[in-house]
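Below is one structure, written out as structure tokens; comments come after it.
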Protein chains: 2
Amino acid sequence: MNIGEAARRAGLPAKTIRYYEDIGLVAPHRDGNGYRRFGESEVHKLAFLARARSLGFSIDDCRMLLSLYEDRGRASAEVRGLAQRHAKEIDARIARLKEMRATLGELIEACAGDERPDCPILKDLAGG
Amino acid sequence: MNIGEAARRAGLPAKTIRYYEDIGLVAPHRDGNGYRRFGESEVHKLAFLARARSLGFSIDDCRMLLSLYEDRGRASAEVRGLAQRHAKEIDARIARLKEMRATLGELIEACAGDERPDCPILKDLAGG
DNA sequence: ACTTAGGGTTCCAGTCATGGGAAGGTCAAG
DNA sequence: CTTGACCTTCCCATGACTGGAACCCTAAGT
């Protein structure tokens, strides 16, 4: 199949698929006319990548995950370790965002939000 | 003062300050030797920016916030609106991350993480 | 006088994972 | 024979910096 159908089936933009080829994540064959030709296994790989990306794994993590996936003899511990490191990073990001959100919430609450110029939000930004 | 001290006092890398000048957020004067010279008000502005950035506001938001800050007659409603939109986006980001985290947590739990190759994480990525 | 260290300056390139759009080739249908 | 939907490569832009090269300025130590 051509890139369009592969894109539809993998749930990825064609542009992204071309990029993935560029950086060596997939390697579709070419037809006589220069079009990329995708088989089931390529589409499967692309869907794998789409799923991994949707879980927030970086492209480098995805590369690792793919190679582990294709290594029949890998230890599941390696995959689990990767996932755990990633989960930790997500936890950290959530924590940072929650802190921001809490501060923002307080400031928003403290601000009247009317036509007057007095504003605790700006006051805080200006250093209290 | 020079950029180094301004950086220390504002809590921003000198490089970032130069970038902020580039994009028109600050406009320090120049000494005879070409060095940027920062006064108290520039440093204050920089600290304002640092604080706003640390709350996750985009540079564009910061630009808006600065101009509101400097507009003695602004309505606090405008600031509050901006902050609320931003808070909503943070909420959305937290929600997305939490979803990822939950899925990751389940997969990690299901994975033995030993020397055997069988791995529910890879199974999930491969489409169940 | 000379060197060294620690400032400062500009400009260019890279990050991450795409997205946009131009300029052009290919193909099936009407 | 043309339309329209595909496909190709290539280059530029994003956000908010960060790193590094190549160079200038100034003060202190030898």
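A note on names: the letters A, B, ... follow the listed sequences, proteins ahead of strands, and every chain is numbered from 1. Since this is a predicted model, take the numbers as computed values, not measurements.
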Value in whole Å for how far the [atom2] atom of [N] lies from [atom1] of [X]:
X: R18(B); N: dG20(D); atom1: CZ; atom2: P; value: 15 Å
X: D60(B); N: dC17(D); atom1: CG; atom2: P; value: 12 Å
X: E21(A); N: dT18(C); atom1: CD; atom2: P; value: 15 Å
X: D22(A); N: dT8(D); atom1: CG; atom2: P; value: 12 Å
X: I59(A); N: dT18(C); atom1: CD1; atom2: P; value: 5 Å
X: I23(A); N: dT15(C); atom1: CD1; atom2: P; value: 12 Å
X: L49(B); N: dG15(D); atom1: CG; atom2: C1'; value: 15 Å
X: E5(A); N: dC6(D); atom1: CD; atom2: P; value: 11 Å

Looking at [options], which one has an atom nearest to any side-chain atom of [X]?
X: N2(B); options: dC17(D), dG8(C), dT8(D); result: dG8(C)
X: Y19(A); options: dC6(D), dA16(D), dT18(C); result: dT18(C)
X: I3(B); options: dT18(D), dT8(D), dG8(C); result: dG8(C)
X: K15(A); options: dT18(C), dT9(C), dG20(C); result: dG20(C)

Tell me what R30(A) touches on the nucleic acid: a base, only sugar-phosphate, or nothing, going by heavy atoms under 4.0 Å. sugar-phosphate
Over all heavy atoms of both residues, which pair between I17(B) and A7(B) is shortest? Give the atoms and the distance, please. CD1-CA, 3.6 Å
Least distance between heavy atoms, S76(B) atom then G113(A) atom: OG-N, 3.1 Å
Between [X] and [N], is there a side-chain N or O to OP1/OP2 distance below 4.0 Å?
X: R53(B); N: dC17(D); value: yes
X: Y20(B); N: dC17(D); value: yes
X: R36(A); N: dT9(D); value: yes
X: N33(A); N: dC27(C); value: yes
X: T16(A); N: dG19(C); value: yes

Begin from the C-alpha positions of E42(B) and R36(B) and carry the test salt bridge (charged side-chain N to carboxylate O under 4.0 Å, His left out) through to its verdict. CA-CA 11 Å; E42(B) 302 299 309; R36(B) 290 167 182 82; over 6 Å; no
R63(B) and its side chain to side chain contact (heavy atoms under 4.5 Å, CB included) partner, picked from L49(B), L68(B), I23(B): I23(B)
Pick the nucleotide of DNA chain D nearest each of Y35(B) and P13(B); which residue has the one closer to the 5' end? P13(B)
Are R116(B) and D118(B) ion-paired here, with the side-chain N under 4.0 Å from a carboxylate O? no
